[in-house]
Enquirer: 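Here it is: the structure, laid out below.
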Amino acid sequence: MWKWLHPYAKPEEAYRLAGLWLPWFAVFSAVSFAAGLIWGLAFAPADYQQGDAFRIIYIHVPSAIMSMGAYSSMAVAAFIGLVWQLKTADMAVAAIAPVGAVFTFIALFTGAAWGKPMWGTWWVWDARLTSELILLFLYLGVIALYNAISDKVLAGRAAGILALVGVINLPIIHYSVEWWNTLHQGATITKFARPSISNDMLWPLLLMIVAFVCYLGALTLMRLRNELIRRESHRPWVLKMAEEQDEI
């Protein structure tokens, strides 16, 4: 079942495929960002309780979702790298980790900014907030571990193991508002029942989630291409590409 993936496990093919998809992710991200932000900030109605302060949802919720989505993607890449010994998968782990860390920081920062007027404080040791903070530390741990070991094959395996161990934190983040009595509100769109948010507010939020997904994809592909060039700089295909660029 993995035979179709084998050609793209080669760094040269992975670089080419990433370059093929990068413009599409970038364009869809830019269009979705523009549409979602304008719709959400200018045309969505104010919340009946929170007023215009609720509009931070269009940054906070997508970044929080992507903080977990990026970690899930990183864990899948780590699993592939460990089981099938594909160095391209290890490079994907290295490419995703900083992007996911930034999304997690944005989620924590915007959550604190939202919590101040709603809860009267910037931070509480709430189950959702604390587990999200642990997620940031996991990202930083993967980044630090990968960069601390000079042998990148060993570094990829070590970072992959840490990424897989940290997966246990994802269901804790998601279900923390159900398992414990927390200040953080429950799910509004990521549930089986009808979303508990007006359609006038929901559609721009969904657009922003699409924008963040595409942005994650674009940044990951960009970083993966850079990592491939850095790790494969001595390979003939990289040297050939450099010569062609010099000729241009």
Side-chain angles (χ1 to χ4, degrees), residues 4-5 7-44 55-78 80-81 86-110 135-136 139 142-143 146 163 189 202-233 237-238 240-242 244-246 248:
W4 67 274
L5 269 177
Y8 303 110
K10 298 178 181 178
E12 184 177 0
E13 286 300 312
Y15 184 87
R16 184 190 64 81
L17 185 64
L20 182 67
W21 282 101
L22 178 57
W24 291 97
F25 276 101
V27 169
F28 277 108
S29 175
V31 172
S32 301
F33 261 120
L37 282 176
I38 293 173
W39 192 350
L41 298 182
F43 295 102
R55 298 184 194 278
I56 201 170
I57 194 176
Y58 297 114
I59 300 297
H60 175 69
V61 170
S63 61
I65 292 174
M66 284 304 99
S67 70
M68 292 188 288
Y71 198 94
S72 299
S73 301
M74 185 177 69
V76 170
I80 293 172
L86 299 180
K87 61 181 179 181
T88 307
D90 294 335
M91 295 181 202
V93 172
I96 296 170
V99 183
V102 171
F103 279 133
T104 307
F105 176 79
I106 293 173
L108 288 168
F109 180 81
T110 54
L135 183 66
L136 177 59
Y139 273 122
V142 170
I143 296 169
Y146 185 82
I189 60 174
L202 175 62
W203 285 110
L205 178 57
L206 294 177
L207 265 177
M208 288 301 295
I209 293 173
V210 171
F212 271 71
V213 170
C214 293
Y215 192 53
L216 169 64
L219 289 180
T220 298
L221 291 174
M222 190 181 303
R223 286 186 49 80
L224 178 59
R225 280 165 61 88
N226 291 338
E227 186 70 14
L228 284 164
I229 291 294
R230 187 174 69 85
R231 291 271 301 273
E232 301 289 307
S233 59
W237 68 272
V238 177
K240 181 181 178 181
M241 187 171 59
E244 292 174 352
Q245 290 295 326
D246 291 338
I248 295 174

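By convention here, the first residue in the shown sequence is residue 1.
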Enquirer: To the nearest 0.5 Å, how far apart are OH in Y139 and CZ in F103?
Expert: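 Taking OH in Y139 and CZ in F103, the distance rounds to 9.0 Å.
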Enquirer: Do the side chain of S67 and the main chain of A64 share a donor and acceptor less than 3.5 angstrom apart?
Expert: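 At least one qualifying donor-acceptor pair exists.
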Enquirer: Minimum heavy-atom separation for A35 to L207, with atom names?
Expert: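 That closest heavy-atom pairing would be CB-CD1, 3.9 Å.
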Enquirer: Mind checking the CG-CZ spacing from L37 to R55? Nearest 0.5 Å is all I need.
Expert: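 The CG atom of L37 sits 12.0 Å away from the CZ atom of R55.
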Enquirer: Would you say M241 and Y15 make side-chain contact, with heavy atoms under 4.5 Å?
Expert: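 The answer is yes; the side chains approach within 4.5 Å.
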Enquirer: Could you tell me which non-hydrogen atom of A97 sits nearest to which non-hydrogen atom of I143, and how far apart they are?
Expert: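 Closest approach of A97 to I143, heavy atoms only: CB-CG1, 3.6 Å.
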Enquirer: Nearest 0.5 Å please: distance from the CD atom of E227 over to the CD1 atom of I96.
Expert: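 Rounded to the nearest 0.5 Å, the CD-CD1 separation comes to 12.0 Å.
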Enquirer: Please tell me if the side chains of R231 and P11 come closer than 4.5 Å, counting only heavy atoms from C-beta onward.
Expert: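 The answer is no, as the side chains (C-beta and beyond) never meet within the 4.5 Å cut-off.
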Enquirer: Does W203, at its CH2 atom, have more than 12 non-hydrogen atoms belonging to other residues, nucleotides or ligands within less than 6.0 Å?
Expert: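 No - once you tally the heavy atoms of other residues, nucleotides and ligands closer than 6.0 Å, there are 12 at most.
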Enquirer: Fit a plane to each ring of F212 and F33, take the angle between them on a 0 to 90° scale, and name the class: parallel (under 30°), tilted (30 to 60°) or perpendicular (over 60°).
Expert: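 Because their plane-to-plane angle lies in the 30° to 60° range, the rings of F212 and F33 count as tilted.
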Enquirer: For A14 and T88, work out which heavy atoms get closest and say how close.
Expert: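 Answer, listing the atom of A14 first, then T88: CB-CG2, 3.7 Å.
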Enquirer: Counting neighbours of CZ on F25 that are heavy atoms of other residues, nucleotides or ligands and sit closer than 6.0 Å, is the number greater than 12?
Expert: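 Counting neighbours around CZ of F25, more than 12 heavy atoms of other residues, nucleotides or ligands fall under 6.0 Å, so yes.
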Enquirer: Is it true that a side-chain atom of Y71 and a backbone atom of A163 form a donor plus acceptor pair closer than 3.5 Å?
Expert: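 Present.
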Enquirer: Roughly how far, to the nearest 0.5 Å, is the CD1 atom of I65 from the CG atom of L205?
Expert: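 Reported to 0.5 Å precision, the distance equals 7.0 Å.
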Enquirer: Which heavy-atom pair separates R225 from A18 by the least distance, and what is that distance?
Expert: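 In this case the closest contact between R225 and A18 is CG-CB, 3.6 Å.
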Enquirer: Rounded to the nearest 0.5 Å, what's the gap from CD on E13 to CH2 on W237? Could you check?
Expert: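 Between E13 CD and W237 CH2, I get 9.5 Å after rounding to 0.5 Å.
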Enquirer: Looking at every heavy atom in both I80 and A89, which two are closest together, and how far apart are they?
Expert: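 In this case the closest contact between I80 and A89 is CG2-CB, 4.1 Å.
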Enquirer: Nearest 0.5 Å, please: how far is CD1 in I59 from OG1 in T110?
Expert: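 It is 8.0 Å, given to the nearest 0.5 Å.
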Enquirer: Checking salt bridge (Lys or Arg N to Asp or Glu O under 4.0 Å) for the pair E232/K10: CA distance, chi angles, key distance, verdict?
Expert: CA-CA 11 Å; E232 301 289 307; K10 298 178 181 178; over 6 Å; no
Enquirer: Counting N and O atoms only, with roles assigned by atom type, does the side chain of S63 sit under 3.5 Å from a partner on the main chain of H60, one being a donor and the other an acceptor?
Expert: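 It does hold such a pair.
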Enquirer: Can you give me the closest heavy-atom contact between P98 and R223, atom names plus distance?
Expert: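 Taking P98 first and R223 second, the nearest heavy atoms are CG-NH2, 3.2 Å.
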Enquirer: Got V93 and Y146 here, is their nearest side-chain heavy-atom distance under 4.5 Å?
Expert: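 No - every pair of side-chain heavy atoms lies 4.5 Å or more apart.
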